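Written below as structure tokens is the structure these notes are about.
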Amino acid sequence: MTIRKLMTTATKSVERLYDRVATIKRYEEYEKPNGATSQQWITKYANIPCRLSTVGMQTLNNVVQGEANQIVYDAKLILSPTVDILAGDEITVQLFEDGELMLNDEFTSAKESFLYVTHQEVLLKKKGYA
């Protein structure tokens with residue numbers, strides 16, 4: 001048995017750690033009824049099991065911009081390697097408890113993902129206001 005095949009058997013164990021779901025949107029071209037083309041956000045994947053983690057506290061960067069206190073931090077999304085995520089995709093991550101929405105985090109951009117046999121990791125940027 002090769003190491004790759006052995007690692008594949010660990011996929012189910014990794015997936016047990018997924019405690020959230022993600023929706024991935026991509027800005028794509030579409031054709032209007034009049035034949036003209038435009039671009040819009042298209043949902044590529046919905047309700048994808050995942051896990052969200054911060055990359056590290058050193059990435060936390062609270063800045064004052066005008067009168068708003070802007071919060072910027074990096075996060076890491078862990079999910080199945082079969083989901084195609086591109087740089088620039090919008091990702092919404094939700095946490096449900098007993099069927100009730102507890103958290104809804106929106107990320108403005110995604111970098112290219114790191115693929116592994118058992119999962120993939122995508123670095124995300126979240127921007128919000130305090």
Side-chain angles (χ1 to χ4, degrees):
M1 178 180 278
T2 66
I3 188 68
R4 187 163 187 76
K5 192 169 264 190
L6 182 64
M7 290 295 291
T8 303
T9 61
T11 301
K12 291 289 183 204
S13 297
V14 171
E15 289 174 348
R16 285 192 191 116
L17 299 174
Y18 297 166
D19 60 348
R20 299 172 192 229
V21 293
T23 300
I24 293 105
K25 293 182 180 180
R26 190 166 297 149
Y27 204 60
E28 291 186 341
E29 191 172 277
Y30 75 101
E31 188 173 327
K32 294 179 179 181
N34 65 2
T37 59
S38 187
Q39 290 192 326
Q40 67 181 1
W41 288 102
I42 307 281
T43 299
K44 300 303 280 186
Y45 302 94
N47 297 318
I48 301 296
C50 64
R51 184 167 185 86
L52 189 64
S53 175
T54 59
V55 176
M57 290 309 292
Q58 71 276 10
T59 63
L60 184 63
N61 182 16
N62 293 341
V63 294
V64 175
Q65 227 177 19
E67 294 189 23
N69 184 21
Q70 185 179 25
I71 299 172
V72 180
Y73 70 85
D74 295 334
K76 181 173 24 177
L77 184 69
I78 302 164
L79 68 163
S80 169
T82 61
V83 177
D84 179 38
I85 297 182
L86 302 177
D89 286 351
E90 279 191 356
I91 300 172
T92 302
V93 179
Q94 297 176 317
L95 173 65
F96 290 91
E97 285 186 15
D98 299 323
E100 185 178 338
L101 179 63
M102 302 303 288
L103 293 170
N104 189 55
D105 292 320
E106 294 183 11
F107 297 88
T108 56
S109 68
K111 298 180 180 182
E112 289 186 25
S113 61
F114 297 95
L115 289 173
Y116 300 96
V117 175
T118 57
H119 65 285
Q120 72 175 304
E121 296 178 5
V122 183
L123 298 176
L124 306 173
K125 290 274 190 197
K126 177 178 172 79
K127 294 182 182 176
Y129 296 95

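Side chains are part of it too, since the values below use all heavy atoms of this structure and drop only hydrogens, waters and symmetry mates. Since we're looking at a predicted model, the values are computed, not measured.
- Remark: Ser13 OG to His119 NE2 distance equals 12.5 Å, nearest 0.5 Å.
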For Arg20 and Leu103: C-alpha separation, side-chain torsions, deciding distance, then whether side chain to side chain contact (heavy atoms under 4.5 Å, CB included) applies. CA-CA 9 Å; Arg20 299 172 192 229; Leu103 293 170; 3.9 Å; yes

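- For Pro81 against Thr118, the heavy-atom pair with the smallest separation is CD-O, 3.9 Å.
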Distance-only check: which donor-acceptor pairs under 3.5 Å involve side-chain atoms of residues 39-46, not counting sequence neighbours?
residue: Lys44; atom: NZ; partner: Glu28; partner atom: OE2; Å: 3.1
residue: Tyr45; atom: OH; partner: Asp84; partner atom: N; Å: 3.1

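- Closest approach of Leu79 and Pro49 over heavy atoms only: CB-O, 3.8 Å.
- Residues Val83 and Val122 are members of one and the same hydrophobic cluster, defined by side-chain heavy-atom contacts under 4.5 angstrom among Ile, Leu, Val, Met, Phe, Trp and Tyr.
- Among residues at least two apart or in separate chains, salt bridge (Lys or Arg N to Asp or Glu O under 4.0 Å) pairs with a member in residues 87-102 are Arg26-Asp89.
- At most 12 non-hydrogen atoms from other residues, nucleotides or ligands lie less than 6.0 angstrom from CZ of Phe114.
- Between the CD atom of Glu121 and the CD1 atom of Ile78 there is a distance of 5.0 Å, given to the nearest 0.5 Å.
- By the 4.5 Å heavy-atom criterion applied to side chains, Arg51 and Asp19 are counted as neighbours.
- A distance-only check finds a donor-acceptor pair linking the side chain of Gln120 to the backbone of Ser80 [under 3.5 Å].
- Separating the CD1 atom in Ile91 from the CG atom in Leu124 is a distance of 4.5 Å, to the nearest 0.5 Å.
- Asp105 CG to Thr92 OG1: the interatomic distance, rounded to the nearest 0.5 Å, is 9.0 Å.
- Hydrophobic clustering (ILVMFWY, side-chain heavy atoms < 4.5 Å, transitive): Leu101 and Val93 are in distinct clusters.
- Remark: of the listed residues Leu52, Leu77, Leu123, Leu52 is the sole one forming a side chain to side chain contact (heavy atoms under 4.5 Å, CB included) with Phe107.
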